Amino acid sequence: MPAIPAVHHVAMSVRDLSVSEPFYSKLFGAEPAMTLSDGPFHRRVFALADGQLFGLTQHDTVSPDDRFDPARVGLDHVGFGCADADAVTAWRDHLDSVGIEHSGIVEADYGLALSVKDPDGNALEFFMLAG
């Protein structure tokens, strides 16, 4: 069996790029590195650490009243790995500084989690695994 490769990119479907792009620009502290429009969609791509890419896709056929639901089959959330508790705290402080609502840091037996939802309700998490 070949080795499982690292995740190269994540592409989230959004209703309206004009709403989602500014949210993610604040979240990541950067503007998109690429714009793609080579299909029945429009996509903005953010360059993250270690060559990872995070894309926002607005499909031409998107339903204007659709929202993300983690209880439906498909994506539950995207988790960003944090090296330690200080990194989770730094993300909490960053979210506070740019005005993005979040869950606060939640402690569990298995680690620390800081959750946020984008304008479409897509769930994101900054997570440190307890060691």
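If you read the sequence from its start, that first residue is 1, and numbering goes on from there. As the structure is a prediction and not an experimental result, all values here were calculated from the model.
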Q. Which value, rounded to the nearest 0.5 Å, describes the distance between His94 atom NE2 and Lys26 atom NZ?
A. 9.0 Å

Q: Grab the two heavy atoms, one from Ser25 and one from Glu31, that are nearest each other, plus how far apart they are.
A: OG-OE1, 3.5 Å

Q.
Is there a continuous path of hydrophobic side-chain contacts, each under 4.5 Å between heavy atoms, that joins Met12 to Leu53?
A. no

Q: For Asp66, enumerate each residue passing the salt bridge (charged side-chain N to carboxylate O under 4.0 Å, His left out) test, keeping only those at least two apart in sequence or located in another chain.
A: Arg72

Q) Taking all non-hydrogen atoms of both residues, which atom of Cys82 and which atom of Val88 are closest, and how far apart? A) CB-CG2, 3.7 Å

Q | Straight-line distance of Leu95 CG to His102 NE2, nearest 0.5 Å | A | 5.5 Å

Q.
Between Arg43 and Leu17, does the side-chain contact (heavy atoms from CB on, under 4.5 Å) criterion hold? Intermediate values first, please.
A. CA-CA 8 Å; Arg43 183 173 287 151; Leu17 280 172; over 6 Å; no

Q. Should we count CG of Asp50 as having more than 12 external heavy atoms under 6.0 Å?
A. no

Q: May I ask you to decide if Asp86's main-chain N or O and Asp84's side chain share a donor-acceptor pair within less than 3.5 Å?
A: yes

Q | Any donor-acceptor N/O pair, Arg92 side chain to Ser103 backbone, under 3.5 Å | A | no

Q) Between CG of Leu36 and CZ of Arg44, what distance do you get to the nearest 0.5 Å? A) 9.0 Å

Q. Between Pro70 and His77, is any pair of side-chain heavy atoms under 4.5 Å apart?
A. no

Q: State which residues pass side-chain contact (heavy atoms from CB on, under 4.5 Å) with Asp16; sequence neighbours excluded, sorted by chain then number.
A: Ser18, Val19, Gln58

Q: Calculate, to the nearest 0.5 Å, the distance between atoms CD1 and OH belonging to Ile100 and Tyr24 respectively.
A: 9.5 Å

Q. Of all residues at least two apart in sequence or in a different chain, which pass the salt bridge (charged side-chain N to carboxylate O under 4.0 Å, His left out) check with Glu125?
A. none

Q. Are there more than 12 heavy atoms of other residues, nucleotides or ligands under 6.0 Å from atom CD of Glu107?
A. no

Q: Evaluate side-chain contact (heavy atoms from CB on, under 4.5 Å) for Leu124 paired with Leu27, printing each intermediate quantity in order.
A: CA-CA 11 Å; Leu124 310 169; Leu27 179 70; 3.7 Å; yes

Q: Rounded to the nearest 0.5 Å, what's the gap from NE2 on His9 to CD on Gln52? Could you check?
A: 11.5 Å

Q) Of all residues at least two apart in sequence or in a different chain, which pass the salt bridge (charged side-chain N to carboxylate O under 4.0 Å, His left out) check with Asp120? A) Arg15

Q) Do you know which two heavy atoms are closest between His42 and Ser37, and how far apart they sit? A) ND1-OG, 3.0 Å

Q: Answer with yes or no whether the hydrophobic clustering places Trp91 together with Val78; edges join I, L, V, M, F, W, Y residues whose side-chain heavy atoms lie under 4.5 Å apart.
A: yes

Q. Any link between Leu75 and Phe23 through a network of hydrophobic side chains (Ile, Leu, Val, Met, Phe, Trp, Tyr) touching at under 4.5 Å?
A. yes

Q: Could you name each residue pair satisfying ring pair (Phe, Tyr, Trp, His ring centres under 6.0 Å) that touches residues 55-75, not counting sequence neighbours?
A: none

Q: Could you label the plane-to-plane angle of the Phe80 and Phe28 rings as parallel, tilted or perpendicular, counting under 30° as parallel and over 60° as perpendicular?
A: perpendicular

Q. Going from OG1 on Thr89 to CZ on Phe126, what distance comes out if it is rounded to the nearest 0.5 angstrom?
A. 13.0 Å

Q.
Checking one residue: Leu129. Which other hydrophobic residues are in its cluster under the side-chain 4.5 Å linking rule?
A. Tyr110, Phe127

Q: Indicate if Val45 and Phe41 have the same hydrophobic cluster label, given that clusters are the connected sets of ILVMFWY residues with side-chain heavy-atom separations under 4.5 angstrom.
A: no

